[in-house]
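One structure below.
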Amino acid sequence: KQSFVKKAARYITRFSNIMFLPKNIAHRVGPKWTYAAGAAVAVSATAAMFPRSPQEDVPSYKAEDEESSGPVSRFESSSNFSDVAVPLPHRKIMSTSVASPTSYSTGDLRHNFSALESDMDLTYGFIEDLIVARKTYLRKRKSLELNQQQQKEQHEVKSGLDEGIGSSTENVLTMNGDASSGKAVVLASSDSRPKSNLRMQPSVVSTKRMYVYNNSIIHPENADNFKLFCAPSSLHLAQDVANLLGVDLGNINVDKYNDGETSIKINEMVRGKQIYFLCSTETNDALMELLLSVSCMSRASAGKITVVIPYYGYSRQDRKVKRESIAASDVARMLEVMNVNRVITLDLHNDSIRGFFSPRVPVDHLLPGPIAAAYFNEVLDPSKHPEKQITVVATHEGQVQRATEFRRVLQKLSGVHVNMAFISKSRQLPSQTTYDPILVGDIKGHKCILIDDIISTGSTLTNAINLLKENGADNVYAYATHALFNDANTNVPDKLQALNALDFLLITNTVSSSKVLPSKIRTLTVAPYIAEAISRSLDDRSITAILKSLT
């Protein structure tokens, strides 16, 4: 007997690695304990080959009622579960038995979870996983239903609205549906806006047709990983974009300390998320807010940071003249140092500014000029009055390319020939501080549309308007993308309003203004353009194809 035990121990020790018992331990514990361990492993393996019904050897657990005052179960749930078996350590739900004729396949959580409101019995699996999946499904389903309801309402309103959207007085959606707040934002650049929550606001215009926005509400699966933030200077524009995307603005505090330093605090988690931060950098404070906000999000482990800059400040300092800084390049370098991953901007003063960023940071350059051309086509309607010739005029040599693109789109939409002219503002001598503008082209008896990108003091635009009128233009209109009507230029709108030669000036809302603009200055919203660009950027779709219908 003793010889048999020794032989058995020797064989068990030799194959102990198979029985999950290290050899050194087997030598130390001795043959008897080694034999006992080996026998236990063998019995366990044999028992596993012949599984018994889990109901026979797994004690059931009675979940406490949520309404009772007793101790709360460690399985948190929003439903009443009875006779729930203690789950075994398998992360995947193996099978479910529901008191309902609806059948569920293994691990399939895509069905309607409303059937699970009744009592259920989980044979295997973690009940917490099912509860989390159920809550996630219900949240996404609610979001989808809400989006579908909004689309249905927009479709109904679109079919019932009358004409008149392209006039100088436009319908505007009240922010958060609160008409008493006195603050309003434009929802879209067409007549597909909800009829409820609308009120009238002067000087805000939009196109009659939807040229760039395709109702790109972010899908709930992408919305969970997406956050849109903004700086205070671009709050209204960002709210427009958020409404169009079907999301809420991120919670961030941008403030100043008593000594004037900028304070940034993010009030929600951004770890691993795709962050879009919208901010025009028309002032030094706005630029500092953008840089510190990006840095703060990067330090909070944001996954990818895209800055949306409707107006790129310092863009006119794009070249070196004697001993001057190239500030446009310096701003690009600062954004890169702050770990920006992508830049979306509108109508740069010089397209070469995109080259100031390294290949690591791609730049999407949005041009709202074609949308402005579509607005002028709807207002002037050249096809109905072909005898009235239209001429697009560049305010100076640097605007010829922008005016050429504007003319091409206007000519395509109207189907009639559109003339081209420009104004030369070159100084004859380097020492000259003033210049006499020279008109190149015939505009007598024409309707003229002046094209510029930035209005600051308004002197260039004023000289151009007076020059066209002196040369026999019947009507003079103007378009500029960025209107810098800040504290230093608050009187510029009143000066333009006082010009009898000007019919109206069209600008965009890339730069916000606290001043109420006069009737001759109309604001065309770019929120749909930006919203469509963000939606396409999330899905890795072409952004240049947004204007395909216009160009």
Side-chain angles (χ1 to χ4, degrees), residues 150-151 153-175 177 183-217 234 236-246 310 346-347 366-381 406 409-410 413-414 449 477-483 503-513 516-535 546-547 549-550:
Q150 291 177 350
Q151 294 177 13
E153 292 178 356
Q154 291 179 2
H155 178 73
E156 293 176 352
V157 172
K158 183 176 181 180
S159 60
L161 287 178
D162 298 325
E163 294 185 357
I165 300 298
S167 62
S168 61
T169 303
E170 299 301 320
N171 295 324
V172 179
L173 177 70
T174 304
M175 184 183 302
K183 299 179 180 179
V185 296
V186 178
L187 179 62
S189 67
S190 80
D191 55 2
S192 60
R193 289 169 290 185
K195 202 164 187 178
S196 59
N197 299 332
L198 293 180
R199 68 185 182 89
M200 309 301 289
Q201 178 176 331
S203 75
V204 179
V205 299
S206 59
T207 56
K208 296 179 182 179
R209 287 183 52 195
M210 185 72 75
Y211 294 99
V212 298
Y213 178 67
N214 295 321
N215 200 20
S216 299
I217 295 178
S234 302
H236 298 297
L237 178 59
Q239 185 65 58
D240 299 350
V241 175
N243 290 338
L244 291 167
L245 293 176
L346 274 76
D347 207 355
L366 308 181
L367 298 174
I371 305 175
Y375 174 79
F376 275 99
N377 177 63
E378 294 177 355
V379 173
L380 302 182
D381 201 358
F406 186 97
V409 175
L410 181 60
L413 294 176
S414 63
I449 305 175
Y477 309 92
Y479 164 69
T481 306
H482 311 293
D503 285 70
F504 69 80
L505 165 66
L506 181 67
I507 62 174
T508 67
N509 59 342
T510 55
V511 179
S512 61
S513 176
V516 178
L517 300 179
S519 59
K520 281 189 178 182
I521 301 179
R522 305 180 183 181
T523 304
L524 181 68
T525 178
V526 294
Y529 197 4
I530 296 177
E532 184 69 18
I534 292 177
S535 178
I546 298 177
L547 298 177
S549 62
L550 294 174

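This structure is a prediction, so every number in the text was calculated from the model and none was measured.
- Remark: V526 engages L237, L346, P368, T508, N509, T510, I530 in a side-chain contact (heavy atoms from CB on, under 4.5 Å) (not counting sequence neighbours).
- A donor-acceptor pair is defined here as one N or O able to donate and one able to accept, closer than 3.5 Å; no such pair exists between the side chain of Y529 and the backbone of L547.
- Looking only at distances, no side-chain donor or acceptor of N377 sits under 3.5 Å from a matching main-chain atom of A373.
- Here the closest heavy-atom approach between residue L505 and residue A480 is recorded as CD1-N, 4.3 Å.
- Using a 4.5 Å heavy-atom cutoff, the side chains of Y479 and Y375 are not in contact.
- Ring pair F504/F376 is parallel by interplanar angle, where below 30° counts as parallel and above 60° as perpendicular.
- When all heavy atoms of A527 and V241 are compared, the closest pair comes out as O-CG2, 3.9 Å.
- Using a 4.5 Å heavy-atom threshold, the side chains of L506 and Y477 count as separate.
- Here the closest heavy-atom approach between residue A533 and residue L366 is recorded as CB-CD1, 3.9 Å.
- For E378 (side chain) and K208 (main-chain N/O), a donor-acceptor pair under 3.5 Å exists by modelled atom type.
- Between I371 and V409, every side-chain heavy-atom pair lies at or beyond the 4.5 Å cut-off.
- Across all non-hydrogen atoms, the minimal contact from L244 to A531 is CB-CB, 3.8 Å.
- L410 has its side chain out of reach of L380: every pair of non-hydrogen atoms, C-beta onward, lies at least 4.5 Å apart.
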